[in-house]
Amino acid sequence: MEDFLKLVAARQSDRAYDMSRPVEPEKLERILEAARLAPSACNAQPWKFVVINDPELSVKVGKATAGLGMNKFAKDAPVHILVVEESMNVTSFLGAKIKDKYFPLIDIGIATAHITLAAESEGLGSCILGWFDEKEIKKLTGIPSSKRLLLVITIGYSVKEKRKKSRKPKEKVVSYNKY
């Protein structure tokens with residue numbers, strides 16, 4: 001458990017990558033396996049991960065995440081994992097209706113956490129991006145227009161030192177047995 005907490009403490013949003021160091025295929029496969037094994041409501045697995053590791057396409061996708069000063073670094077990431085929402089299964093759909101919770105977004109959040117922690121365990125940096133030109137990335141990658149591209153995750157070797165995490169104190173975010 002101590003190792004896992006060290007991993008969680010070390011993981012950060014990296015915004016500068018070594019463009020000369022490609023991500024090894026075997027590391028990428030282990031990261032994707034961690035995502036594939038992530039839990040989901042009623043085992044619906046409402047995701048598809050589109051991996052962009054072609055250098056030219058990676059730059060184009062990275063540029064499509066930039067705008068208004070956001071994500072200028074993304075064009076330098078050697079890998080982009082595009083997280084596309086897929087359909088829920090019937091059980092998850094019924095549960096979502098009955099409980100008024102949209103499970104695919106929760107499930108995709110869990111899978112994304114698996115990706116970023118797996119990347120950290122492989123010695124790689126990552127950053128989760130929600131700001132991007134969805135239409136442009138769909139056009140570049142062949143994602144059907146009917147699908148929702150929810151997140152872009154950059155992966156690569158970070159060139160910056162680890163930062164100390166700034167988080168709310170435990171007393172502000174944890175309570176026992178009552179709110």
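Source: prediction; values computed, not measured. Residue numbers run from 1 in the order of the sequence given.
Scanning both residues, Leu151 and Gly130, for their nearest heavy atoms gives CD2-CA, 4.3 Å. Counting all heavy atoms, side chain and backbone alike, Gly156 lies closest to Val23 at CA-CG2, 4.0 Å. Closest approach of Trp47 to Ala35, counting heavy atoms only: CZ2-O, 3.8 Å.
Other members of the cluster containing Met19 do not exist, because no ILVMFWY side chain is joined to it at under 4.5 Å. Other members of the hydrophobic cluster containing Ile143, listed by chain and number, are Tyr17, Val50, Ile52, Leu57, Val61, Phe73, Leu82, Val84, Leu129, Phe132, Ile137, Leu140, Leu149, Val152; membership follows side-chain contacts under 4.5 Å among ILVMFWY residues, whether direct or relayed.
For Ala9, there are no side chain to side chain contact (heavy atoms under 4.5 Å, CB included) partners, not counting sequence neighbours. By the side chain to side chain contact (heavy atoms under 4.5 Å, CB included) test, Ser13 is found to be paired with Arg11, Arg15, Cys127, Arg163, residues two or more places apart in sequence or in another chain being considered.
A donor-acceptor pair shorter than 3.5 Å can be found between the side chains of His80 and Ser58.
For the atom pair CD1 of Ile153 and CD1 of Ile81, the computed distance is 5.5 Å after rounding to the nearest 0.5 Å. Atom OG of residue Ser145 and atom CD of residue Glu134 lie 10.0 Å apart, to the nearest 0.5 angstrom. Distance CE/Met70 to NZ/Lys72: 11.0 Å, rounded to 0.5 Å. With values rounded to the nearest 0.5 angstrom, Glu136 atom CD is found 9.5 Å from Thr141 atom OG1. Taking CZ from Arg36 and CD1 from Ile31, the interatomic distance works out to 15.0 Å, rounded to the nearest 0.5 Å.
Of the possible donor and acceptor atoms, none in the side chain of Asp18 sits under 3.5 Å from a partner among the backbone N and O of Val159. A donor-acceptor pair under 3.5 Å is formed between the side chain of Lys165 and the backbone N or O of Val8. Remark: the backbone N or O of Ala16 is not paired with any side-chain donor or acceptor of Asp14 at under 3.5 angstrom.
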Listing, residues 106-124 side-chain donor-acceptor contacts under 3.5 Å, not counting sequence neighbours, or none:
residue, atom, partner, partner atom, Å
Asp107, OD1, Ala41, N, 3.0
Asp107, OD2, Ala41, N, 3.2
Thr112, OG1, Ile108, O, 2.8
His114, ND1, Ile110, O, 3.0
Thr116, OG1, Thr112, O, 3.4
Thr116, OG1, Ala113, O, 3.1
Glu120, OE1, Lys162, NZ, 3.0
Glu120, OE2, Lys162, NZ, 3.0
Ser121, OG, Ala118, O, 2.8
Glu122, OE1, Arg30, NH2, 3.0
Glu122, OE2, Arg30, NE, 2.5

Name the atoms and distances for all side-chain donor-acceptor pairs under 3.5 Å in residues 167-179, with sequence neighbours left out.
residue, atom, partner, partner atom, Å
Ser175, OG, Lys178, O, 2.7
Ser175, OG, Tyr179, O, 3.2

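When hydrophobic clusters are built by joining Ile, Leu, Val, Met, Phe, Trp and Tyr residues whose side-chain heavy atoms come closer than 4.5 Å, directly or via intermediates, Val59 is not grouped with Leu28.
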Go through the steps for Tyr157 and Ser20 under the test side chain to side chain contact (heavy atoms under 4.5 Å, CB included), then give the verdict. CA-CA 9 Å; Tyr157 284 96; Ser20 69; over 6 Å; no
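Using a 4.0 Å cut-off between a side-chain N of Lys or Arg and a carboxylate O of Asp or Glu, Lys147 and Glu86 qualify as a salt bridge.
The number of heavy-atom neighbours closer than 6.0 Å to NZ of Lys63, taken from other residues, nucleotides and ligands shown, is 12 or below. Around CD of Glu26, the count of heavy atoms belonging to other residues, nucleotides or ligands within 6.0 Å exceeds 12.
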